[in-house]
Amino acid sequence: MFHLLNDTSENLELISQQAHALASGALQAPVLDTTATGGLGGSIQRAVARLREALSQQEAFRRQLVHEASHDGLTQLANRSTSLAHLGQAIARSERSGATVAVLFIDLDRFKEINDTQGHHVGDVVLTTVAERLIDAVRAGDHVGRLGGDEFVVIAEPVATMGAAVELAHRIVEIVAAPIDIGDITVRIGASVGVALSGSGELTADEMLRDADLAVYRVKDSGRGGVEVCDEALRSAVAEFSDLTTALRHALAHNELVLHYQAIVDALGDRTIAHEALVRWRRPDGSLVPPAGFIAHAERTGLIIDLDRWVLNAAIRQLVDWQYDDHMRGIPLSVNVSAQHLVDASFVDDVLAPLAHWHVDPSLLIIEVTESAVLDDLATAATKLECLREHGIAVAIDDFGTGFTSITQLRRLPVDILKIDRAYTSRASLDPKDAAIVKLIIDTGHLLGASITAEGVETLDEATLLSALGSDALQGFLYSRPGPPEVLDRSLAAVPEYATADVAAAPPPRR
Ligand code: C2E
Ligand code: MG
Ligand code: MG
């Protein structure tokens, strides 16, 4: 009886310890392997084993969930949020120790192209290979993560100097660039790496990553592949960029833009046959900024579409005013639109809507698109421009000669006017070969039914030659500098009907 009681008490003690181990998650505790004595011992042990197994599976599942939430499924690298958390801890450590943390933002070059042309399977292999190579390139203890898409991050801690971080960045560019064999194809991929250091202190993880990202932008700007660091110059350039963006947005909302107009005259130089609207920015300090100071910026920030809309509306509004001006009535107005706007879904409506709103005859409007804009997506451009022409709007290809339109491409383009860039027209009077090229462009344009405008005509010699070569119209400082409507020279516009003279035989153009 005594033994039995003793055994039962020991067993109860054992069961209690086992229950405790299971409840606290100590699934490897030796007590779980001990079998209680007596008849119940075996069945209790089996129950313990089953419970232990179930709890182990649950724990494994929990770990997997945590891993999946913190890691990238494809490469098994830490994901963006885990990498940022790691960076936050590294920054906190560095603040205590005085050591420096380096963040390397790695962006693969042309990855999308590989994905699109070779398929996602190849893209996936490229990403996993890059991940493995990055792990090989860094020291034990450094962090490698995938931020998403084709962007990776390396957090190196500590680094001695910026030089050391840049050296690591170059090593990464080099190892990523090594060919990747996938089945029977070989793929090459480049990397752009931006480097930021914690050195100056006070930066959060997000800010450091943003700095490294800015440096990547600088690499991409300067052509692909390579390494850039985020320094004060870059930070202030970025601040300037964002200031300019804010100011330009403000300009659009508060009518700081103004249109100047330049006359386009006939080949005889004695009658204005159109005007071109050219935008300027009247800054609050009174200065007048030419398009070179803000159009490219508007293009980079996407503000160009709003800017184009503003210009279209203002230009068409000007046409309304000119209908009440005896000198200006009936003279068409040419308006520049950007490549980005041309491919935007709103483009055709953006041109037609203000015409309808102001009840302006569409045949008074000419839309100028640059040659390079049209070449980006010839088929879409052609469809949209054709649609404008069906409404009676004329289409001009601007800066012609600066792109590389083939005659076949030109033939597919709905075009009324070809504007030959000043790069050609200014050389034509200096070099017979350039004159021959201009003649070729003019003849080709005529063959395709387009009328030719020579841009940037500054001297009488140039005008005479360009007319003789067959230009139908001339535009340049010789005739008119772009200016506000009130200073436009009305003497040319006043000359009545244009006599269809034989241009080559005509007297030289007059000033
Ligand atoms: P563009 O459309 O080819 O305009 C002609 C440019 O050549 C104008 O410069 C004009 O002032 C300049 N120009 C005219 N005659 C002469 C000349 O005899 N000699 C020289 N050296 N230059 C001459 P601007 O006004 O500075 O405009 C530059 C460019 O900015 C334009 O080139 C056009 O691509 C763009 N742009 C101007 N206004 C707008 C606009 O409203 N919207 C868009 N998207 N772009 C515009
Ligand atoms: Mg133009
Ligand atoms: Mg031009």
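This one's a predicted model, so the numbers in the text were calculated from it and none came from an experiment. Counting starts at 1 for both ligands and their atoms, in listed order. When a residue number appears, it is its place in the shown sequence, counting from 1.
Using a distance-only test at 3.5 Å, with no hydrogens or angles considered, no donor-acceptor pair links the side chain of Ser287 to the main chain of Arg283.
Aromatic ring centres of Trp322 and His327 lie farther apart than the 6.0 Å criterion allows.
For the Mg ion (ligand 2), protein N/O/S neighbours under 2.8 Å (waters excluded) are Glu276 OE2, Asn336 OD1, Glu368 OE1, Asp398 OD2.
For Ile407, the CD1 atom sits in a loose shell: 12 or fewer heavy atoms of surrounding residues, nucleotides or ligands are nearer than 6.0 Å. Within a 6.0 Å radius of CZ in Arg411, other residues, nucleotides and ligands contribute 12 heavy atoms or fewer.
Contact annotation: the side chain of Met162 approaches that of Val229 to within less than 4.5 Å [non-hydrogen atoms, C-beta and beyond]. Residues Ile180 and Arg188 fail the side-chain proximity criterion, which asks for heavy atoms closer than 4.5 Å.
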Please tabulate, one line per pair, the protein N or O atoms found under 3.5 Å from any N or O atom of ligand 1, giving the distance to one decimal.
residue  : atom   : partner : partner atom : Å
ligand 1 : 2 (O)  : Glu276  : OE2          : 2.9
ligand 1 : 2 (O)  : Asn336  : OD1          : 2.9
ligand 1 : 2 (O)  : Asp398  : OD2          : 2.8
ligand 1 : 3 (O)  : Asp399  : OD1          : 3.0
ligand 1 : 3 (O)  : Glu455  : OE2          : 3.1
ligand 1 : 15 (N) : Gln262  : NE2          : 3.0
ligand 1 : 18 (O) : Phe477  : N            : 2.8
ligand 1 : 19 (N) : Glu458  : OE2          : 2.6
ligand 1 : 21 (N) : Arg422  : NE           : 3.3
ligand 1 : 21 (N) : Glu458  : OE2          : 3.1
ligand 1 : 25 (O) : Arg280  : NH1          : 2.9
ligand 1 : 25 (O) : Arg280  : NH2          : 2.9
ligand 1 : 38 (N) : Val279  : N            : 3.1
ligand 1 : 42 (N) : Asn336  : O            : 3.4
ligand 1 : 44 (N) : Asp308  : OD1          : 3.0

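Minimum heavy-atom separation, Val176 to Ala191: CG1-CB, 4.0 Å.
Of the charged side-chain nitrogens involved, none lies within less than 4.0 Å of a carboxylate oxygen, so that Arg235 and Asp231 do not count as a salt-bridged pair.
Using bins of under 30°, 30° to 60° and over 60° for the plane-to-plane angle, the ring pair His341/Phe347 lands in the perpendicular bin.
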